[in-house]
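All figures in this text were calculated on a predicted structure; none of them were measured in a lab.
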Amino acid sequence: MNRQVLVTGLLRLTALLPLPLAHAVGACCGWLLWWIPNSARRIAARNLALCYPELPVAGRERLLRRNLLETGKLLLELGPLWLWPGERVLALVRGSVAGEDALTAAARRKQGAILLTPHLGAWEMAGLYYSSRHPLTILYRPSRLGLDELSRQGRGRLGGKVVATDASGVRALLTALRNGEILGILPDQDPGGEGGVFAPLFGIAASTMTLVSRLALKTGAPVFLTWAERLPRGRGFALHLRALPEVTAAVSLDESAAALNRGVEAAIRSLPAQYLWVYKRFKTRPPGQPKLY
């Protein structure tokens, strides 16, 4: 059995579970990640040491344990979010979204907007919610697991248009923005040696994508940041939305990228246990600086 078939089967299996049970099973998987030595735990522990040096060792260890449990929940909720009927997924959003009026107004004015969804909480939930309410073009990075078709269908089934991170995808983003639509972009991926500038994140020089800043500075589109907080015991998700006017108002690309990272960092600090600390966010280093992993 190849990996793609196996992962697809697992996603379909988890989609049979109610969300509280999926999160409970995910927490058990996360507990194993914390208990058994593995690369995910090592990377998360390293990131927390880099980003929260002020925390005592015991405090970081508690945060690490909570984070790995949330990471397990993240994996197990993917099947339900991608495969459940849209109405059932949207019913998981609890309460209203403070600040959404500004995003709605930008969409109604055909002004266009850039909606950032960092790897915080249930970013798939955030994308599905906004694509059900606004014309949304979503940028995604092709999967190494060969799940592109499934992920495109899962992310785009409530109205979103899903485009890949290639030249045609970037053109589609610019066209959508000029047509007054909303873009959905994950802003905290390490772009590597190309397509990025170094900007502070938790006081560390982080390779930061310039795509968001280039689009914002070129078009004047407002920038928002959103995340879906995972509620305890599988009760659903609470969505948060913040405007980041400094990204568009910046006088340079470097200043705009720094403003973007400040917004991402503030969101992470509000919910640190639900960030994807198992990702090597600081893999790319400035010339002459040592590797961090």
Side-chain angles (χ1 to χ4, degrees), residues 6-36 38 40-41 44 48 61-100 115 117-133 138 145 147 150-151 153-160 184 186 225-242 267-279:
L6 177 61
V7 174
T8 301
L10 289 174
L11 288 174
R12 297 192 184 282
L13 181 63
T14 57
L16 299 175
L17 304 176
L19 188 63
L21 182 55
H23 277 177
V25 175
C28 292
C29 295
W31 184 86
L32 291 175
L33 285 177
W34 176 74
W35 184 256
I36 301 172
N38 59 85
R41 174 177 173 161
L48 290 174
E61 190 70 11
R62 286 192 295 270
L63 180 54
L64 173 63
R65 182 172 62 249
R66 291 171 53 209
N67 176 250
L68 293 176
L69 265 61
E70 293 294 333
T71 301
K73 295 178 186 179
L74 167 70
L75 296 175
L76 268 290
E77 74 194 8
L78 190 57
L81 293 182
W82 277 2
L83 299 172
W84 279 5
E87 298 81 5
R88 188 180 180 188
V89 170
L90 295 175
L92 297 172
V93 177
R94 307 303 181 198
S96 59
V97 183
E100 190 179 2
L115 185 62
T117 54
H119 293 88
L120 179 63
W123 58 89
E124 298 290 348
M125 179 74 252
L128 289 167
Y129 172 82
Y130 291 106
S131 66
S132 75
R133 299 169 64 84
I138 303 166
L145 297 177
L147 297 177
L150 183 61
S151 65
Q153 290 177 359
R155 292 167 173 166
R157 62 199 175 91
L158 298 187
L186 287 161
L225 188 143
T226 189
W227 66 99
E229 178 183 357
R230 189 176 300 109
L231 299 177
R233 296 182 294 280
R235 296 204 309 266
F237 305 92
L239 265 71
H240 305 271
L241 182 70
R242 294 177 180 173
I268 295 171
R269 286 188 180 276
S270 75
L271 195 66
Q274 293 190 22
Y275 188 61
L276 192 67
W277 293 113
V278 298
Y279 175 62

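Shown here for Arg88 and Pro18, the closest heavy-atom pair between the two residues is NH2-CA, 4.2 Å. The minimum heavy-atom distance between Tyr129 and Val97, with the atom names listed, is OH-CG2, 3.6 Å. Nearest approach of Gly79 to Thr14, heavy atoms of both residues: CA-OG1, 3.6 Å. The two residues Arg12 and Leu83 make their nearest non-hydrogen contact at CA-CD1, 3.8 Å. For the pair Ser131 and Gly160, the tightest heavy-atom approach, listed with the atom from each and the gap, is CB-N, 3.6 Å. Of all heavy-atom pairs between Pro20 and Gly234, the closest is CG-O, 3.7 Å.
Here the side chains of Leu241 and Leu115 are in contact, with some heavy-atom distance below 4.5 Å. Between Val89 and Pro80 the shortest side-chain heavy-atom distance does not fall below 4.5 Å. Side chains of Leu19 and Phe237 form a contact here, defined as non-hydrogen atoms less than 4.5 Å apart. Counting heavy atoms from C-beta on, the side chains of Leu33 and Val278 never come closer than 4.5 Å. You'll find the side chain of Glu77 stays beyond 4.5 Å of the side chain of Met125, heavy atoms only. Between Tyr130 and Thr117, the closest side-chain pair of non-hydrogen atoms is not below 4.5 Å.
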Let's go through Leu276 and Leu74 carefully: what are the C-alpha distance in whole Å and the side-chain angles of both, what is the deciding distance for side-chain contact (heavy atoms from CB on, under 4.5 Å) to 0.1 Å, and is it a yes or a no? CA-CA 9 Å; Leu276 192 67; Leu74 167 70; 3.8 Å; yes
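Here CG of Leu11 is found 9.5 Å from CG of Leu76. Values are rounded to the nearest 0.5 Å. Separation of atoms CG (Leu92) and CG (Leu128) is listed at 10.0 Å; rounding is to 0.5 Å. For the atom pair CZ of Arg155 and CG of Leu81, the computed distance is 11.0 Å after rounding to the nearest 0.5 Å. Between the OH atom of Tyr275 and the CD1 atom of Ile268 there is a distance of 4.0 Å, given to the nearest 0.5 Å. Taking CG of Leu271 as the start and CD of Glu70 as the end, the distance is 7.5 Å to the nearest 0.5 Å. Distance check, rounded to the nearest 0.5 Å: CG of Leu239 to OG1 of Thr226 gives 5.0 Å.
Annotation: side-chain hydrogen bond (donor to acceptor under 3.5 Å, both in side chains) contacts of Gln274 (sequence neighbours excluded): none. Every residue two or more places apart in sequence or in another chain was checked for a side-chain hydrogen bond (donor to acceptor under 3.5 Å, both in side chains) with Thr71, and none qualifies. Residues forming a side chain to side chain contact (heavy atoms under 4.5 Å, CB included) with Leu75 (at least two apart in sequence, or on another chain): none.
A side-chain donor-acceptor contact under 3.5 Å links Trp277 to the backbone of Pro272.
The local environment of CZ in Arg269 is crowded, with over 12 non-hydrogen atoms from other residues, nucleotides or ligands closer than 6.0 Å.
Looking at Glu87 and Arg157, no side-chain N of the basic residue comes within less than 4.0 Å of a carboxylate O on the acidic one, giving no salt bridge.
Ring geometry, Trp31 versus Trp35: the interplanar angle falls under 30°, so the pair is classed parallel (tilted spans 30 to 60°). Using cut-offs of 30° and 60° on the angle between ring planes, the pair Trp227 and His240 is parallel.
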